[in-house]
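Scroll down for the structure; my scribbles are underneath it.
All residue numbers in this chain count up from 1 along the given sequence. Predicted, not measured: the structure shown is a model, and the values here were computed from it.
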Amino acid sequence: MQGSEPKHQSASLPLAEEEEIEDTAAEEDAETTELALKIEEELNDNPVVLERLLSRPQFRAIISQQSFRGPLPPPAMLREYNEIVENGAERIMAKGEIEQSHRHAVKNKIVDGTLARDSRGQWMAFAITVLILVIAAVFAWKGNTVFAGTLVTIDLIGLASVFILGRTALPSVRKDENQE
């Protein structure tokens, strides 16, 4: 029992320290809030003080924030880049131009690939169709007209389904690919 008591006491010390830290943080937060309210009230009463503070670069850096959307920053920011880095604006413009040409090249490659795939598929379909028709003609010439007719019918149904259903199902497949 005596061995367990010191452990219990040492375990309670960190809890007391945590409570003290929380109390100190709460007091500091209350003091900070009170001070912020006093400063806000003073600035409302004396706008000249606010103007003087904002004229100082240290306060402007704390308060101001700039952002932009798009590939290029606004002209004022480009001028600032020129002040920091020699030809900074020119380098940014060149970077934007390179990025744009890359995007165009990628899109052109995608379009060319799609056209080549479609063309290749049409030639393969043509070759398969001609092959099936030749085989059907051989069977018809040998006297097996029922089998020849079945081959031609299946070939025509397959082609019609590819051209009708294949083209309408293709956009939904592309939508699913874009969502991933």
Side-chain angles (χ1 to χ4, degrees), residues 25 29 32-33 36 39-40 43 47 50-180:
D29 190 38
T32 305
T33 304
I39 292 172
E40 185 179 341
L43 291 176
L50 178 62
E51 290 175 15
R52 288 178 108 185
L53 286 174
L54 290 176
S55 68
R56 295 183 179 175
Q58 304 96 319
F59 287 101
R60 285 184 22 205
I62 292 171
I63 294 173
S64 73
Q65 176 184 356
Q66 290 182 335
S67 65
F68 63 90
R69 291 186 72 154
L72 298 175
M77 196 177 283
L78 283 173
R79 281 193 282 292
E80 291 175 11
Y81 277 114
N82 270 339
E83 293 171 6
I84 297 169
V85 177
E86 186 178 336
N87 292 329
E90 180 63 33
R91 291 168 63 184
I92 291 172
M93 295 294 284
K95 182 180 175 183
E97 291 168 354
I98 290 169
E99 176 63 28
Q100 181 182 17
S101 66
H102 171 71
R103 270 187 276 126
H104 285 229
V106 167
K107 285 186 179 185
N108 286 339
K109 196 170 189 176
I110 290 170
V111 169
D112 291 344
T114 302
L115 291 174
R117 182 190 65 207
D118 288 350
S119 177
R120 185 174 50 249
Q122 289 172 353
W123 278 108
M124 286 183 175
F126 174 75
I128 291 170
T129 302
V130 168
L131 179 66
I132 289 175
L133 289 176
V134 167
I135 292 171
V138 168
F139 277 104
W141 181 62
K142 296 273 186 173
N144 199 344
T145 55
V146 173
F147 183 67
T150 304
L151 277 177
V152 171
T153 304
I154 291 173
D155 187 37
L156 290 176
I157 290 173
L159 284 174
S161 66
V162 166
F163 281 107
I164 294 171
L165 299 177
R167 292 295 175 184
T168 57
L170 194 58
S172 65
V173 170
R174 286 187 182 153
K175 286 179 187 176
D176 292 340
E177 290 174 356
N178 290 339
Q179 289 175 357
E180 293 174 359

### Pairing residues for E51 by the side-chain contact (heavy atoms from CB on, under 4.5 Å) criterion, not counting sequence neighbours
none
### Task
Could I get the full list of side-chain contact (heavy atoms from CB on, under 4.5 Å) partners for T129, not counting sequence neighbours?
L133, D155, L159
### Query
Please, which pairs that meet ring pair (Phe, Tyr, Trp, His ring centres under 6.0 Å) have at least one residue in residues 133-159, sequence neighbours excluded?
F139-F147
Scan the side chains in residues 87-100 for donor-acceptor partners under 3.5 Å anywhere in the protein, sequence neighbours excluded, and list what turns up.
none

### Interatomic distance, I110 atom CD1 to L115 atom CG [nearest 0.5 angstrom]
12.0 Å
### Query
Which heavy atom of A148 sits nearest a heavy atom of A136, and at what distance?
CB-O, 3.1 Å
### Distance-minimising heavy-atom pair for A140 and T145
O-CG2, 4.2 Å
### Query
What residue pairs, at least two apart or across chains, pass ring pair (Phe, Tyr, Trp, His ring centres under 6.0 Å) with a residue in residues 82-102?
none
#### Entry: Pairwise salt bridge (Lys or Arg N to Asp or Glu O under 4.0 Å) hits with a residue in residues 67-86, at least two apart
none
